[in-house]
Q: 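Structure in structure tokens, see below.
The chains referred to below are lettered A, B, ... by the order of the sequence lines, with proteins before strands, and numbering in each begins at 1.
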Amino acid sequence: MGITFWMVLMPILAGLLVLLIPRTGEVAHRLLALLGALAALVLACVAWARFDYHATGFQQVSSLHWFTLPSLWHGASGSGLGGLEIGLAFGVDGLSLGLVLLTGVIGLLAVLAARPAERTREYFFWQSCVVAGLYGVFSALNVFTFAVALELTLFAMFFLLYLFGQGRRQFAAMQFLLYRGLATVPLLAAFVGLAYGAVGGYAATAGAITDHSLTLDVPTLLHVLPSASAQMLPASIRHVLFLCLLLAVFVEEAFVPFHTWLPTAHEAADPATSMLLGGLLTKTGAYALLRFGVGMMPGEVRHFGTLLAVFGVINILYGAFAAWAQADWRRLIAFSSISHMGLVLLGIAAFNAAGLQGAMFLLVSSGLLTALLFFLVGAIAERTSTSRIAELGGLSRRMPVLSGLLLVAALGSLGLPLTSGFVSEVQAFIGSFGSFPAVSFVALLGVILSAVYLLQAMQRTTFGPLLPAYGRLYDASPGESILAGLLVAMVLFIGIYPKVIGDLFGLTVNALLGMGG
Amino acid sequence: MPNLDVLHQPYWSTMGPILILSVTAFVVMVLEFSVSGRGKRWLHGVALFGTAAALADAILHLYAKPQAVLATLQNDILANLFTVILLCTTFLVLLFAWDYTQRVPLAPEHTYLILFAVVGALTMVSAVDMVALYVGLEVLSVSSYVLAGLRTRKLSSVEGGIKYLVMGGVSSALLLYGLSFVYGLSGTTNLGELFANQTFTAGAAIFQQYPAITALAFVLILAGLGIKLSLVPFHMWTPDTYAGAPSPVSAMLSTLAKTAAFGMLLRIVLYVFAVSGDNLFYLISLLAAVTMVVGNLIALPQQDMKRLLAYSSVAQAGYVLVPFTMLTNATVVDWGSLVDSIGFYLLAYTFMTVGAFAIVHVVQDARGSRTADALTGLYQQSPWLAGSLTVFLLGLAGMPLTAGFIGKFYIFADTLHLHHAWLGVLLFLTSVVSFYYYFGLIRKLYQPSISVQPARVQPTAAMSALVGLCVLGTIVLGIVPASWLHVLAALT
């Protein structure tokens with residue numbers, strides 16, 4: 001059991017301890033959740049410090065045999081001894097480490113930002129479960145572990161939305177559950193199908209069936225699948241499995257036309273939950289596409305490249321136009337993040353170094369910026385009791401710090417140079433212009449639109465006459481300033497010195513392209 | 001000097017649990033009318049003790065060499081596997097009944113009726129002769145008819161009992177009719193002989209020579225057991241009977257009776273049809289698909305929790321039916337895996353269902369209503385009960401870290417391997433539909449109660465033990481599934 005295992009376990013342990021403390025120990029609940037998130041972040045940083053930039057494959061692997069589903073696979077000789085070994089395995093490569101670190105940062109800040117009015121015990125328990133699940137998703141080295149972690153985030157988030165949301169929280173929680181629950185169906189189908197494919201379970205000729213034991217181990221699948229012959233895994237089966245995966249990714253990422261759950265959920269969620277949802281939970285689908293789609297079925301990504309690119313652009317533009325039309329900050333940010341994720345899809349479709357790297361950068365950048373935006377909008381809404389743009393105005397007079405931070409976040413989100421948004425978008429576009437010039441040209445419109453809707457909303461919120469109702473508002477507290485300042489610092493740091501995560505992602509990009517070549 | 005050879009016969013490893021439970025049932029019956037008043041409180045204790053002894057005997061002889069008694073009862077893999085599941089179920093149901101009698105007056109005869117029903121169920125899963133199978137089914141059914149209508153003062157109980165009686169009669173008739181065709185074709189009522197004839201001699205030819213009669217027999221048997229399993233479209237009696245019957249009986253009908261019927265179906269499918277009638281198995285997949293879809297869809301608008309659980313048990317039966325589709329001649333090497341997945345899911349389902357029925361009953365008893373709204377605010381009042389019900393519902397919905405997820409995943413992995421992917425995908429799709437009503441109940445648990453403080457829910461010791469065991473079972477099978485999977489793997 002290595003550090004990655006403990007990293008995933010820490011938040012769960014903290015969550016269970018929270019449950020043991022009486023209902024009234026509100027400070028203790030928060031402190032324990034904080035300790036859990038902090039311990040996990042420290043372990044993630046240790047994994048980073050020990051990360052070997054020259055090695056290939058997964059590092060810090062901790063693998064645990066969990067159980068075996070007996071006699072599921074007999075191999076070519078039909079020996080009858082095979083079963084499906086199911087393990088709890090965690091480990092990191094460049095891509096996962098980047099996202100694990102993102103989880104660490106946002107998970108910690110979400111605990112700090114949480115302001116549950118009551119029932120703190122349940123709140124911090126479920127929040128810890130979501131964070132642990134996210135660590136699990138991004139570091140799982142066994143597809144079963146991945147699925148379990150993803151479902152853990154699913155029902156833990158349901159409880160967070162349902163118990164602690166506002167407005168139409170019941171509807172939002174149920175919609176979230178059903179949409180993302182449905183996404184796990186094709187995801188599991190793709191996973192188990194890939195595992196059977198890797199041993200020749202769908203082989204057209206009996207000779208291609210192997211005697212290897214059936215496995216759900218990600219490194220093995222990554223090794224076997226990209227080079228599997230057409231006899232072993234027929235192209236038609238591959239296509240079906242890839243489309244299953246894609247369907248799951250589309251729902252998880254809230255891509256059009258499966259996007260409706262995301263704005264509703266954000267509208268209902270409290271700010272800290274929104275940070276987790278927008279900053280991390282909407283990155284799981286893209287991670288799955290990179291890890292299992294590009295990693296295991298590179299041929300299919302090329303085959304369906306144009307389709308992916310077109311859907312990417314549709315999302316960029318739809319997200320941007322929809323964001324422009326929103327009257328509420330939360331929905332605006334939700335649609336803006338859908339627009340960003342469209343660019344991720346476009347970068348992946350390009351299937352070249354710049355495109356893939358840009359997509360990975362965007363995941364981190366959009367994660368940080370979305371979390372920052374939701375935190376700030378939450379802080380403003382706490383004071384003004386509304387996040388509707390029309391009901392705000394002139395806030396910069398009373399709240400210069402909050403308004404300033406919001407401006408930085410908006411500028412980062414629209415891709416101003418020196419912010420992480422800029423380096424990400426530039427790389428993604430360089431990549432996509434290399435593969436799909438015409439489509440990418442249309443997609444550029446999305447960048448212009450994002451400037452329009454973000455700056456327009458900024459201007460209406462922070463400038464103009466101060467509404468009389470807001471005459472007595474107070475500015476950011478020191479805690480809030482530090483919290484938001486940390487996120488801003490990271491956004492700027494990545495913008496100025498992208499090498500810090502670029503080296504990590506570069507490793508995975510090379511590995512992915514090496515296999516696909 | 002009496003002949004003591006009887007003690008050294010294979011009877012104990014083959015019929016041990018059946019004998020122990022029969023004796024217990026008669027002892028309880030005699031005690032029931034010989035003791036009076038408060039003495040009757042101990043009836044459940046005696047019954048539980050007998051069940052525990054039978055379970056111990058079954059576990060001791062779990063890996064014993066298969067032997068047949070009079071070519072009728074056999075302690076093979078199927079028999080041992082299902083015997084263990086059935087006895088676990090019996091233990092839980094008896095605990096439930098014990099708690100029930102402390103709240104609601106119920107004729108004390110139910111104790112031995114349950115035991116006799118179990119004797120029938122055990123016979124159904126260990127008999128290898130069609131006559132014995134049928135006798136087992138009737139013993140289970142006749143006891144269940146009485147149990148379902150036991151609350152004679154309640155109209156709904158009587159109505160449910162009568163419905164069950166009528167449908168059960170139809171079920172027996174159809175089944176018997178189907179079995180008679182099998183006998184006509186094969187000339188034997190012994191399934192072992194029939195199987196051997198089909199495999200090693202020309203016995204299979206006659207089935208292929210008369211495909212229409214084979215099909216007729218198959219459809220009749222499937223319909224007959226389909227009624228017992230409440231598969232769609234034979235499910236109409238289920239909600240009324242479950243809603244009317246005393247709660248422990250509802251729990252028994254949805255777990256014990258179904259497990260026994262699944263065991264019997266498995267026996268007949270494997271011994272009679274897998275070799276020469278497997279071209280008919282698309283009917284099973286059709287039935288499974290319709291059951292999963294319709295069962296889950298009609299559960300959606302239910303507000304009455306017992307009816308909801310009834311429909312949920314319809315849908316769950318559909319999930320268990322999926323592996324049956326694949327038990328064909330071509331997949332002999334995979335039979336082990338398929339039987340394992342059935343065995344795993346049935347045990348998981350038992351824990352979750354009995355637990356859910358138990359908590360619904362406690363809430364109904366305390367708050368006088370069993371609509372979903374009665375659950376409101378339960379969490380604030382009894383966090384342990386609410387937490388347990390959450391575990392059961394999450395398990396039934398198939399969430400990971402509970403037994404339900406592993407069970408579904410196992411079946412799903414089988415379908416993908418054996419080229420029935422559409423059934424596996426449908427299984428998970430319909431599970432997502434079921435999220436709506438399972439999570440709908442969970443929602444209510446955590447809703448703060450708005451109006452008056454509802455009556456306090458008081459679980460008895462028996463109830464605490466029952467809920468504790470069920471939670472333990474659901475979670476242990478979900479987190480350490482190897483505990484049960486190893487037993488299954490060693491058996492098959």
Q: Does any heavy atom of chain A fall under 4.5 Å from the side chain of Leu338(B), the backbone, both, or neither of them?
A: neither

Q: Give a yes or no on this: more than 12 heavy atoms of other residues, nucleotides or ligands lie within 6.0 Å of atom CH2 of Trp422(B).
A: yes

Q: State, to 0.1 Å, how close Arg23(A) and Pro383(B) come at their nearest heavy-atom pair, and which atoms those are.
A: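 Minimum heavy-atom contact is NH2-CG, 3.9 Å.
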
Q: Which bit of Leu427(B) comes within less than 4.5 Å of chain A, counting heavy atoms only: side chain, backbone, both or neither?
A: neither

Q: Of the backbone (N, CA, C, O) and the side chain (C-beta and beyond), which part of Ile237(A) lies under 4.5 Å from a heavy atom of chain B, both, or neither?
A: neither

Q: Is Leu418(B) close to chain A through its backbone or its side chain, or both, or neither, when contacts mean heavy atoms under 4.5 Å?
A: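 Interface part for Leu418(B): neither.
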
Q: Please state whether the side chain, the backbone, both or neither of Phe405(B) comes within less than 4.5 Å of a heavy atom of chain A.
A: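 Interface part for Phe405(B): side chain.
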
Q: Please look at His419(B) and chain A and tell me whether the side chain, the backbone, both or neither of the residue comes under 4.5 angstrom of a heavy atom of that chain.
A: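 It is the side chain, since no backbone atom gets that close.
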
Q: How long is the straight-line distance from CG of Leu177(A) back to CZ of Phe435(B), given to the nearest 0.5 Å?
A: 6.0 Å

Q: By the definition side chain to side chain contact (heavy atoms under 4.5 Å, CB included), identify the one residue from Val480(B), Leu485(B), Ile479(B) that meets it with Phe67(A).
A: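 The residue from Val480(B), Leu485(B), Ile479(B) that satisfies side chain to side chain contact (heavy atoms under 4.5 Å, CB included) with Phe67(A) turns out to be Leu485(B).
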
Q: Contact part of Ala413(B) toward chain A, heavy-atom cut-off under 4.5 Å: side chain, backbone, both or neither?
A: both

Q: Set out, in order, the CA-CA distance, both residues' side-chain angles and the distance that settles side chain to side chain contact (heavy atoms under 4.5 Å, CB included) for Thr390(B) and Phe159(A), then state yes or no.
A: CA-CA 11 Å; Thr390(B) 311; Phe159(A) 282 107; 4.1 Å; yes

Q: What are the two closest non-hydrogen atoms of Gly440(B) and Met174(A), and how far apart are they?
A: N-CE, 3.8 Å

Q: So which heavy atom on Leu152(A) is nearest to which on Leu401(B), and how close?
A: CD1-CD1, 4.4 Å

Q: Using non-hydrogen atoms only, which part of Asp340(B) is less than 4.5 Å away from chain A: side chain, backbone, both, or neither?
A: side chain

Q: Supply the atom-to-atom distance Gln447(B) CD to Leu163(A) CG, rounded to the nearest 0.5 angstrom.
A: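 Answer for the CD-CG pair, Gln447(B) versus Leu163(A), is 10.0 Å.
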
Q: What's the shortest heavy-atom distance between Ala189(A) and Leu416(B), and which atoms?
A: O-CD2, 3.5 Å

Q: When rounded to the nearest 0.5 angstrom, what distance separates CG in Leu69(A) from OG in Ser341(B)?
A: 9.5 Å

Q: Could you pull out the closest heavy-atom pair between Gly398(B) and Glu151(A), with the gap in Å?
A: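 It is O-OE1, 4.1 Å.
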
Q: Taking the six-membered ring for Trp, are Tyr162(A) and Tyr446(B) ring centroids under 6.0 Å apart?
A: no

Q: A side-chain contact here means heavy atoms from C-beta on lying under 4.5 Å apart; do Val192(A) and Phe409(B) qualify?
A: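 Answer yes - side chains close enough.
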
Q: Between Trp66(A) and Gly478(B), what is the shortest heavy-atom contact and its length?
A: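 Of all heavy-atom pairs spanning Trp66(A) and Gly478(B), the closest is CZ2-O, 3.8 Å.
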
Q: Should Leu154(A) and Met399(B) count as side-chain neighbours, where that means a heavy-atom distance under 4.5 Å?
A: yes

Q: Under a 4.5 Å heavy-atom cut-off, does chain B meet the side chain of Glu122(A), its backbone, both or neither?
A: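 When you check distances to chain B, only side chain atoms of Glu122(A) fall under 4.5 Å.
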
Q: Which one wins on heavy-atom pair count under 4.5 Å against chain A: Pro481(B), Ala397(B), Ser483(B)?
A: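 Between Pro481(B), Ala397(B), Ser483(B), the count favours Pro481(B).
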
Q: Need one label for Leu188(A): side chain, backbone, both or neither, based on atoms under 4.5 Å from any heavy atom in chain B.
A: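 Contact with chain B is through both the backbone and side chain of Leu188(A).
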
Q: In terms of heavy-atom proximity below 4.5 Å to chain B, should Leu178(A) be classed as side chain, backbone, both, or neither?
A: both

Q: I need the Arg443(B) CZ to Arg169(A) CZ distance, nearest 0.5 Å.
A: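 With rounding to 0.5 Å, CZ (Arg443(B)) is 9.5 Å from CZ (Arg169(A)).
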
Q: Do Phe191(A) and Phe412(B) pass the ring-ring contact (aromatic ring centres under 6.0 Å, His included) test, and can you show the C-alpha distance, the side-chain angles, and the key distance before you say yes or no?
A: CA-CA 11 Å; Phe191(A) 284 168; Phe412(B) 178 68; over 10 Å; no

